[in-house]
Amino acid sequence: MKTTSKLKQVTIRFAGDSGDGMQLTGTQFTHTTALAGNDLSTFPDFPAEIRAPAGTLYGVSGFQIQFGSNPIHTPGDEADVLVAMNPAALKTGLRYLRNNGIVIVNTDAFGDRNLRLAHYEENPLESPDLAGYQVFPVEMTRLTKDALEPVELSHKEKERAKNFFALGMIYWMYNRPLDATLDWIQQKFARKPEWAQANTLALKAGRNFAEATEIFTTSYQVDEAPIEAGIYRRISGNEAIALGFVSAGEQAGRSIFYGSYPITPASDVLQYMAQYKHFGVVSFQAEDEIAAVGATIGASFAGSIGVTATSGPGLALKGEFLGLAVMTELPLVVLDVQRSGPSTGMPTKTEQSDLFQAMFGRSGEAPVPVIAPQSPADCFWAAFEAVQVALEFMTPVIMLSDAYLANGAEPWKIPDLDKLPPVRARIVEAGTADFQPYRRDPETLARPWAIPGTPGLQHRLGGLEKQDGTGNVSYDPDNHQKMTEYRAEKIERVNRFVKPPELNGPESGEVLVVSWGSTFGSVLSAVEELRAEGHQSISFVNLRWVNPLPELLGQILPNFRKVLVPEINMGQLGNLIRARYLVDTVGHNLIKGQPLSVSGLKSAILKLLED
Amino acid sequence: MAKDLHTEGNGAALKENFATDQDVRWCPGCGDYAILAQMKKVLPELGIPQAKTVFISGIGCSSRFPYYINSYGFHTVHGRAPTIASGVKLANPELSVWIISGDGDGFSIGASHLMHLCRRNIDVNVVLFNNQIYGLTKGQYSPTSPLGKITKTTPFGSLDAPFNPLALVLGAGATFVARTVDRDTRHMAEIFRRAAAHKGTSFVEVYQNCNIFNDGAFAALTDPQTKLDNLLYLEDGQPLVYGGETRYGLKVEDLALSRFEAGEGQDGEAHLHRETGMPMAYLSMLAELNQVPGMPTPVGVFRNDNRPTYDAMVYDQIEAVTQRKGKGNLKELFITGDTWQVD
Ligand code: SF4
């Protein structure tokens, strides 16, 4: 007797060997889930090694998805279901599984060799290791091969279809139709009919097995979530960033120059940008980080929209050139996809520890605006806004994404092209009388952009201090004071241009949570869950523009008994707020290469409520 | 896509004066003045308007140069002018781009960028002022200072083997490579003209006297008494002959250039210099010649080869991809992959 029960939200983690096709399985499940009308968020967990040996713990590839009938802001702290294709996947995956969670294992992969590679002394399926979980052992490899009897492929090849068998089972468990995946298989393997047949049979066999077998007694229904109408696609942070830059270039009517040097986790963006030549994008893989930013500044000087990207160590190398860009007041966007540091650190793991570097990592007084996207889809808008501000204020802008946003994905509502905001460049036309390279716009304090090739506007830029207005070299003490103040004030005025952050909750109360960038989703989930549990006196603000700090912050900070600043660093935003507003902030600082967990955040907020 | 700069003004000389109103601040007697004067003389002859000319420099005495030329200019970061210049040229291939650098700027802190510029063959002109010393920081040895050189940081003599600038850029693939000397103004002007005319990375080494910290480093090449015995003028299709009272010829023997006294009518025995299509073996012999005791210093054009420039290829590729895919359309780009509609 099978029953169906309703769930509000579910987190599933698919885990297997790098060669088991777990990313594909996860992506297919995600697309079908999106079509079913759920809200969702996903995160892949790739091995750091390029070709890790099969069966090893460090060769495990994971894919986590949280979906629900209510708004979903994170890929989930803990999985409700773990699909483990081999012992290594089980061992590493259990860490993410909640107590009494469901484990579906491919028992055929639990031979001696794989057990040894996963450092299991005895078979965990026969030991008390899994006592606290609901375990569903399935002979996935054998069942797949049986189902693929009529297909003309070798035994080894048939085994490779077992991920579709697993997917079929999960589709049954969550009452999902197979159509979208079947269509995909037909398209993908149009030229390899035996593979199309194999994967189709495996998918159906998995679903039929789950339906027929007595192991599975319950299937689950997750209803549609209230989602704004529109056309959606799933997008990762790095993909969204590339689209944001291209869109801003199109809106400005100027080509994007994207100069970068490969570095994890920012390289994807260079790979995407290199594909957009038909948008007039010039992508340039430079010889090093310094050359990448140098060429980009050169391109900005010559009238392109200069964009460069890196991660923490590369930002350190770019520091001197950023000083030049501040001094010469050229538009430039510097994307830093942050990773765990210092030094090489943990290059594939996330962290928010470059905020100080973005704020202060240059010689002299060299302020720049800093924007931090708050979700994978928001990476599109953050990239777009970074270009807008760079052009509007003639300044380098640093965009702080991170490894979590870079690889995480969520539904992105495809923007209406007519509603994309304008992107304005402050270009001086030929024939402008009395042109001065450092004559500032009274509103924004931006200097004009006079592009080489324009007759009559020849001028010389450089790193030496400039005389106000003329831009000639100046060592005058009062002029230096004045220009330093202009450069600082100009950045403060970015606040007049950008949308202020939203305050979620009342303007005064017990606890105010102030976060920035990618922790948005976790903090929002924590705050919403606490409110649902009856704790009303919590407010929340997430900063996208971290520099300049929004005026709102100064107004509301004194209205709260406690201010919590959760960050994946040792307290960098907390320090900025303390210094600026003399407020005794409390940190929630975890630096483990992982996103902040919702449960951890809830405890931290609760503790302050009770203090 | 890029227009040919040299025909745009019908090749006719412009009346523009490339001087700026800024005071020139080099030490009196510095070799830099002569280079600036020749550049200002040559630029109007090129037929490229000021507005399409860009001078880019790094840091050092030579790098003040852009402030003194009425074109677009950019005084950038120590050693990094090639990177900025690459970006300028890639953003707008219609600009005529000059890089002004020195031996410290170009061969110490920025050596790698110069090599990569040459290998890419971006169509820019590099003028490298080699004075074999750090001038702006007041007299430390540079990567082209000779072994044993006594300077403020090498009071007992330098232990650092110097770079051979031309061997480096030839090896890195620069397609136009030449050398000239600050006091030889007509020769310098001609080399600048030819560098400007060349499509691809042009590299010109100018031996420049720093009369404050390294006076006389090139005296043997500029002193009228010794000059002719020490300079070998390279000319395309002409024999390698030089000398004052005694005339010498050079011929290739055992993979090296060897010298002989060339009597009346014996020039023909000397090796004929060719700028184009010559193997590295020959170019290395020339580049290393003045390191051999008793041998002259070649000046003139070492190499003048043609291969596609990176900047032209970038735009050719953009055009080809655009033709194949059609002009980029944001809507299509957004709706890529699996999409779904929520009502
Ligand atoms: S220090 Fe030497 S190179 Fe520099 S300006 Fe003076 S003479 Fe010229």
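Order of the sequence lines fixes the chain letters, A, B, ..., with proteins taken first and strands second; residue numbering starts at 1 for each chain.
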Selection from [options] maximising heavy-atom pairs under 4.5 Å formed with chain A:
{"options": "B:Leu330, B:Ile318, B:Val321", "result": "B:Leu330"}
{"options": "B:Ile84, B:Thr322, B:Leu90", "result": "B:Ile84"}
{"options": "B:Gln341, B:His78, B:His113", "result": "B:His113"}
{"options": "B:Asn92, B:Val54, B:Ile56, B:Thr76", "result": "B:Thr76"}
{"options": "B:Thr336, B:Asp343, B:Asp338, B:Thr339", "result": "B:Asp338"}
{"options": "B:Asn329, B:Ile335, B:Ile59", "result": "B:Asn329"}

Part of [X] lying under 4.5 Å from any heavy atom of chain A:
{"X": "B:Arg120", "result": "side chain"}
{"X": "B:Tyr310", "result": "side chain"}
{"X": "B:Gln323", "result": "neither"}

Hey, does the side chain of [X] reach the backbone of [Y] with a donor-acceptor pair shorter than 3.5 angstrom?
{"X": "B:Tyr33", "Y": "B:Trp26", "result": "yes"}
{"X": "A:Arg460", "Y": "B:Ser71", "result": "yes"}
{"X": "B:Asp23", "Y": "B:Arg25", "result": "no"}
{"X": "A:Arg254", "Y": "A:Gly303", "result": "yes"}
{"X": "A:Thr432", "Y": "A:Phe435", "result": "no"}
{"X": "B:Thr20", "Y": "B:Tyr67", "result": "yes"}
{"X": "B:Asn121", "Y": "B:Arg307", "result": "yes"}
{"X": "B:Arg119", "Y": "B:Ala174", "result": "no"}
{"X": "A:Gln275", "Y": "A:Met273", "result": "no"}
{"X": "B:Asp123", "Y": "B:Gly200", "result": "yes"}

Which atoms of [X] are under 4.5 Å from chain B, going by heavy atoms: the side chain, the backbone, both sets, or neither?
{"X": "A:Glu287", "answer": "both"}
{"X": "A:Ile305", "answer": "neither"}
{"X": "A:Asp288", "answer": "side chain"}
{"X": "A:Ile414", "answer": "side chain"}
{"X": "A:Val281", "answer": "backbone"}
{"X": "A:His459", "answer": "both"}
{"X": "A:Ser247", "answer": "both"}
{"X": "A:Ile231", "answer": "both"}
{"X": "A:Tyr232", "answer": "both"}

For the candidates [options], which exhibits the highest count of non-hydrogen atom pairs separated by less than 4.5 Å from chain B?
{"options": "A:Leu457, A:Leu35, A:Val246, A:Thr296", "value": "A:Leu457"}
{"options": "A:Ser300, A:Gly298, A:Gly323", "value": "A:Gly298"}
{"options": "A:Arg234, A:Lys413, A:Glu224", "value": "A:Arg234"}
{"options": "A:Phe284, A:Phe257, A:Trp184", "value": "A:Phe284"}
{"options": "A:Arg233, A:Lys277, A:Glu320", "value": "A:Arg233"}
{"options": "A:Thr454, A:Leu420, A:Val282", "value": "A:Thr454"}

Passing candidate, side chain to side chain contact (heavy atoms under 4.5 Å, CB included) with B:Phe65, options B:Val127, B:Asp32, B:Ile35: B:Ile35
Any side-chain donor near an acceptor of the partner, B:Asn131 and B:Gln208, under 3.5 Å: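 Checked: B:Asn131/B:Gln208 side chains pair up, N/O donor to acceptor below 3.5 Å.
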Parallel, tilted or perpendicular: rings of B:Phe192 and B:Trp98 (30°, 60°): perpendicular
Verdict with supporting geometry, B:Gln140 and B:Thr137, side chain to side chain donor-acceptor pair (under 3.5 Å): CA-CA 7 Å; B:Gln140 302 82 10; B:Thr137 49; 2.5 Å; yes
